[in-house]
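Heads up: the structure comes next, in structure tokens.
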Amino acid sequence: MLQTMVPVRLVSELGASPATASAYFSAGGTGGILGAVVARRLAQRLGQNHSAWLCLLVTAPFALLTPLFDSAGRIWLAAGGYLLLWAGATASNVAQVSLRQQLCPPELLGRMNATMRFLLGRAMPLGALLGTVLGAAAGARVALWVGAVGLLLSCLPLLRLGVPADRQPA
């Protein structure tokens, strides 16, 4: 939802140049690289389980910076938040995939990976569709708020459920 509405907000509503919008998304790419670089060290320090949920939990609030920008000049604050959000999401993803591969029996790895790709990959178009519909009805900024708050709410079960201690595969 967020990625679908940012260009609409920036270019159509705030009059930013396509280069500014591209720079915003480049910040997210830079965050992804940063997250990939630090993922192993975080997992070694925190453990795979804790790294998988803590990275996302700590960086998800930075999504709130995106709907806050009200001029193209303030996009850099939101871009910094986007960088941190993607760093955390990438580090979390690396830890999650590594954990699943450690815990899954080798003969089921293909099925497990296919299932996860199906489940996670199918959510993205639905979020984009929801963002588009909401953006058309209420404006891109409202859709960005809903997306950011939705991301935060999706992290709440992590706080309530707790995370089991790291364990070695059987």
Side-chain angles (χ1 to χ4, degrees), residues 1-8 21-66 78-135 143-170:
M1 184 180 294
L2 293 172
Q3 288 179 299
T4 304
M5 288 292 102
V6 165
V8 175
S22 297
Y24 176 89
F25 284 109
S26 295
T30 302
I33 293 169
L34 177 65
V37 168
V38 302
R40 183 178 185 154
R41 282 180 249 155
L42 285 172
Q44 288 172 339
R45 176 166 284 221
L46 302 172
Q48 291 287 9
N49 285 339
H50 288 90
S51 182
W53 69 271
L54 196 56
C55 289
L56 193 57
L57 191 64
V58 167
T59 59
F62 288 102
L64 293 172
L65 293 175
T66 301
Y82 196 59
L83 183 145
L84 293 171
L85 177 65
W86 273 101
T90 302
S92 175
N93 190 42
V94 168
Q96 288 176 41
V97 170
S98 298
L99 184 62
R100 287 194 303 262
Q101 289 175 344
Q102 287 174 359
L103 298 176
C104 185
E107 64 274 10
L108 297 178
L109 276 173
R111 290 181 191 171
M112 181 270 302
N113 282 325
T115 301
M116 292 307 296
R117 288 182 61 92
F118 175 80
L119 292 174
L120 297 175
R122 297 310 174 258
M124 289 185 282
L126 294 175
L129 178 62
L130 180 60
T132 302
V133 170
L134 188 57
L144 289 170
W145 275 114
V146 170
V149 170
L151 178 61
L152 287 175
L153 292 176
S154 73
C155 293
L156 289 181
L158 297 173
L159 292 172
R160 186 155 192 249
L161 296 175
V163 176
D166 282 331
R167 63 182 175 97
Q168 294 299 319

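These numbers come from a predicted model, not from an experiment.
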Criterion side chain to side chain contact (heavy atoms under 4.5 Å, CB included) on Val94 and Leu42, from CA distance to verdict: CA-CA 10 Å; Val94 168; Leu42 285 172; over 6 Å; no

Could you go step by step and tell me if Trp145 and Leu64 meet the side chain to side chain contact (heavy atoms under 4.5 Å, CB included) rule? CA-CA 7 Å; Trp145 275 114; Leu64 293 172; 3.8 Å; yes

Trace of the side chain to side chain contact (heavy atoms under 4.5 Å, CB included) decision for Val97 with Asn93: CA-CA 6 Å; Val97 170; Asn93 190 42; 3.9 Å; yes

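Here the OG atom belonging to Ser26 is positioned 10.5 Å from the CG atom belonging to Leu83, to the nearest 0.5 angstrom. Summarising the geometry, atom CG belonging to Leu129 is positioned 9.0 Å from atom OG1 belonging to Thr4; distances are rounded to the nearest 0.5 Å. Rounding to the nearest 0.5 Å places OG1 of Thr132 at 9.0 Å from CE of Met1. Once rounded to the nearest 0.5 Å, the distance linking CE of Met5 with CG of Leu130 reads 9.5 Å. Interatomic distance, CZ of Arg122 versus CZ of Arg117, reported as 9.0 Å (0.5 Å rounding). Atom CG in Leu99 sits 10.0 Å away from atom OG in Ser51 (nearest 0.5 Å).
Closest of all the heavy-atom pairs between Leu85 and Leu151 is CD1-CD2, 3.7 Å. Residue Ala39 comes nearest to Ala91 through the heavy atom pair CB-CA, 3.9 Å, listed as atom of the first residue, atom of the second, then distance. Ala148 and Ala63 get closest at one heavy-atom pair: CB-O, 3.5 Å. Residues Leu109 and Gln101 come closest through the heavy atom pair CD2-CA, 3.8 Å. When all heavy atoms of Leu56 and Ser92 are compared, the pair lying nearest together is CB-OG, 4.0 Å. Between Thr90 and Gly35, the shortest heavy-atom contact is CG2-C, 4.1 Å.
Applying the 6.0 Å contact sphere to CE of Met124 captures no more than 12 heavy atoms from other residues, nucleotides or ligands.
The residue from His50, Gln48, Gln44 that alone fulfils the side chain to side chain contact (heavy atoms under 4.5 Å, CB included) condition with Leu46 is His50.
Ring geometry for Tyr82 against Trp86 counts as perpendicular: the plane angle is over 60°, on a 0 to 90° scale with 30° as the lower cut.
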